[in-house]
**Q** 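This is the structure I want to talk about, given as C-alpha cells.
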2 protein chains.
Amino acid sequence: MVVKRKSRQSGVQFTEDTADLVAERFRALAEPMRLRLLNALRPRARSVGELVGLTGTSQANVSKHLQLLYKQGFVDREKDGTTIYYRIADPMVFEMCDLVCDGIQQDLDARRARLNPER
Amino acid sequence: MVVKRKSRQSGVQFTEDTADLVAERFRALAEPMRLRLLNALRPRARSVGELVGLTGTSQANVSKHLQLLYKQGFVDREKDGTTIYYRIADPMVFEMCDLVCDGIQQDLDARRARLNPER
DNA sequence: TGATTATATTACTATATGGTTGTAAAACGA
DNA sequence: TCGTTTTACAACCATATAGTAATATAATCA
C-alpha cells in the first residue's frame with residue numbers, strides 16, 4: 001500500500017513556536033559530523049563502533065550525535081546484545097540534502113553569471 | 001521555458017568538505033528569526049524596515065540575519081533610493097520547510113504509535 | 001564471579017553565534 | 001549644506017554546543 005503523504009504546502013500559518021520547532025529540526029542537520037553519520041547510514045544500518053571507524057571521531061562524540069539524531073527522529077535504533085544498530089528513520093533527510101546541494105549549485109551558477117554577465 | 005533541475009540523487013560521494021558546505025547551508029535555516037524573515041518574504045519582496053515591523057526585533061538584528069541569508073544565496077536584494085528590498089532567491093527553501101514540517105508530523109505519529117501500540 | 005566489550009553519560013573547555021548598543025554610510029529633502 | 005531616513009557594520013556579552021576525557025552501565029564470555 002502506498003501511503004500518500006499529505007503535504008501542507010504552506011497552508012497553515014507560521015507562528016513563532018512553529019519557527020522554533022522547524023529551526024530545531026534544521027539545527028540537527030546543520031552539523032558536518034551528523035551529516036557524515038547520516039550519510040554513513042545511507043546504505044544500511046550500522047553499529048556505533050562501525051560509525052566510529054567510518055567517521056574517525058571518538059566513540060563519545062558519535063554517541064552524543066546519535067542521541068540527538070534519535071531524539072529528533074532522524075534515526076531509529078535496535079539492540080542486539082551489547083551492540084546497538086542505528087538506521088535512517090526516514091529517507092526524507094536525503095531529499096533535503098539533495099535540495100541543499102541543488103541550491104549550492106544554483107547559487108554558484110548565479111554568482112558566476114553575476115561576475116561574468118551576458119556570455 | 002521550463003527549466004529542468006538536474007537532481008544529483010546521491011550520485012556523487014559525500015566528502016568531509018561537502019559535509020561542511022551542506023551543514024553551512026542548513027545552519028542558515030536553523031534559526032527561528034531567519035525562518036520568520038524568510039516566511040515574511042514569502043508573499044512578496046519587503047524592505048528592511050517592513051521586516052523590522054513584521055518581526056518585532058531590532059533593525060540591526062534584521063540586517064545581520066539578512067546579510068547571512070544573502071551571502072548564503074537564500075535571498076536577493078534590490079536598491080531603490082535608501083530603501084533596500086529583499087526577496088526570496090529560490091522558493092526551494094519552502095520545499096525544505098515543508099519537508100521538515102512533514103517530518104515533525106511523522107515523528108509525532110511514530111512516537112504516538114510507540115506509546116500506544118496496536119490500537 | 002571476574003574480565004571484556006559496546007555504548008551512554010557526565011563534567012569540562014573552547015569556540016561560535018544571536019541579540020544589543022552605538023556608530024557609520026548613503027541617499028534624500030528642505 | 002544640514003538634517004532626516006534607511007540600512008549596514010563593529011564591538012560586546014551571554015548562551016549554546018562540538019569535542020574530549022573519564023566514568024558508568026550493561027551484556028557477554030571464560
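Chain letters run A, B, ... following the sequence lines, proteins first, then strands; residues in each count from 1. Just so you know, these numbers use all the heavy atoms, side chains as well, and skip hydrogens, waters and symmetry mates.
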**Q** So, does B:H65 get its side chain near the phosphate of C:dG19, meaning an N or O under 4.0 Å from OP1 or OP2?
**A** yes
**Q** Got a sec? Which of residues 43-51 of chain B come in under 4.0 Å of DNA chain D, heavy atoms?
**A** B:S47, B:V48, B:G49
**Q** Has B:S63 got a side-chain atom pairing as donor or acceptor with B:Q59's backbone, closer than 3.5 angstrom?
**A** no
**Q** Name every donor-acceptor pair, under 3.5 Å, that has one atom in a side chain of residues 80-88 of chain B and the other anywhere in the protein, sequence neighbours excluded.
**A**
residue	atom	partner	partner atom	Å
B:Y86	OH	B:Q67	NE2	3.3
B:Y86	OH	B:R77	NH1	3.2
B:R87	NH2	B:E78	OE1	2.9

**Q** How long is the straight-line distance from CG of B:L38 back to CE of B:M33, given to the nearest 0.5 Å?
**A** 12.0 Å
**Q** Mind checking side chain to side chain contact (heavy atoms under 4.5 Å, CB included) for B:L54 and listing every partner two or more places apart, or none if nothing turns up?
**A** B:A40, B:R46
**Q** Return the set of residues passing side-chain hydrogen bond (donor to acceptor under 3.5 Å, both in side chains) with A:T57 (not counting sequence neighbours), or none when no residue passes.
**A** A:N61
**Q** Could you tell me how far apart A:N61 (CG) and C:dT10 (C1') are, to the nearest whole angstrom?
**A** 15 Å
**Q** Does one hydrophobic cluster hold both B:L108 and A:F74, with members joined at side-chain heavy-atom distances below 4.5 Å?
**A** no
**Q** Check side-chain hydrogen bond (donor to acceptor under 3.5 Å, both in side chains) between B:T18 and all other residues, then give those that pass, not counting sequence neighbours.
**A** B:T15
**Q** Within residues 66-76 of chain A, find the residues that approach DNA chain D with a heavy atom at under 4.0 Å, and present them sorted by residue number.
**A** none
**Q** Please check this pair: side chain of B:Q106 against backbone of B:G103, looking for a donor-acceptor N/O pair closer than 3.5 Å.
**A** no
**Q** Listed by chain and number, what are the side chain to side chain contact (heavy atoms under 4.5 Å, CB included) partners of B:A89, not counting sequence neighbours?
**A** B:D76
**Q** Can you check the B:K64 NZ to C:dG18 P distance for me, whole Å?
**A** 7 Å
**Q** Name all residues meeting the side-chain hydrogen bond (donor to acceptor under 3.5 Å, both in side chains) criterion together with A:D17; count only those two or more places apart in sequence or in a different chain, and write none if there are none.
**A** none
**Q** Is B:S58 close enough to C:dT20 that one of its side-chain N or O atoms is under 4.0 Å from OP1 or OP2 there?
**A** yes
**Q** All N/O contacts under 3.5 Å from nucleotides 25-27 of chain C to the protein, with atom names and distances to one decimal?
**A**
none

**Q** Let's test your reading of the model: under 3.5 Å, does the base of C:dA6 pair with the side chain of A:Q59 as donor and acceptor?
**A** no
**Q** First and last nucleotide of DNA chain D in contact with chain A, 5' to 3', at under 4.0 Å to a heavy atom: what are they?
**A** D:dT17 to D:dT28
**Q** Which pairs pass salt bridge (Lys or Arg N to Asp or Glu O under 4.0 Å) with one or both residues in residues 20-31 of chain B, sequence neighbours excluded?
**A** A:D107-B:R25
**Q** Closest nucleotide of DNA chain C for B:A60 versus for B:A30: which of these residues is on the 5' side?
**A** B:A30
**Q** Does any non-hydrogen side-chain atom of A:F14 lie less than 4.5 Å from one of B:L35?
**A** yes
**Q** Check DNA chain C against residues 31-39 of chain A and give the residues with a non-hydrogen atom under 4.0 Å, in numerical order.
**A** none
**Q** What integer distance in Å separates B:I84:CD1 from C:dC28:P?
**A** 12 Å
**Q** Please confirm whether the shortest side-chain N or O distance from A:Y86 to OP1 or OP2 of C:dA8 is below 4.0 Å.
**A** yes
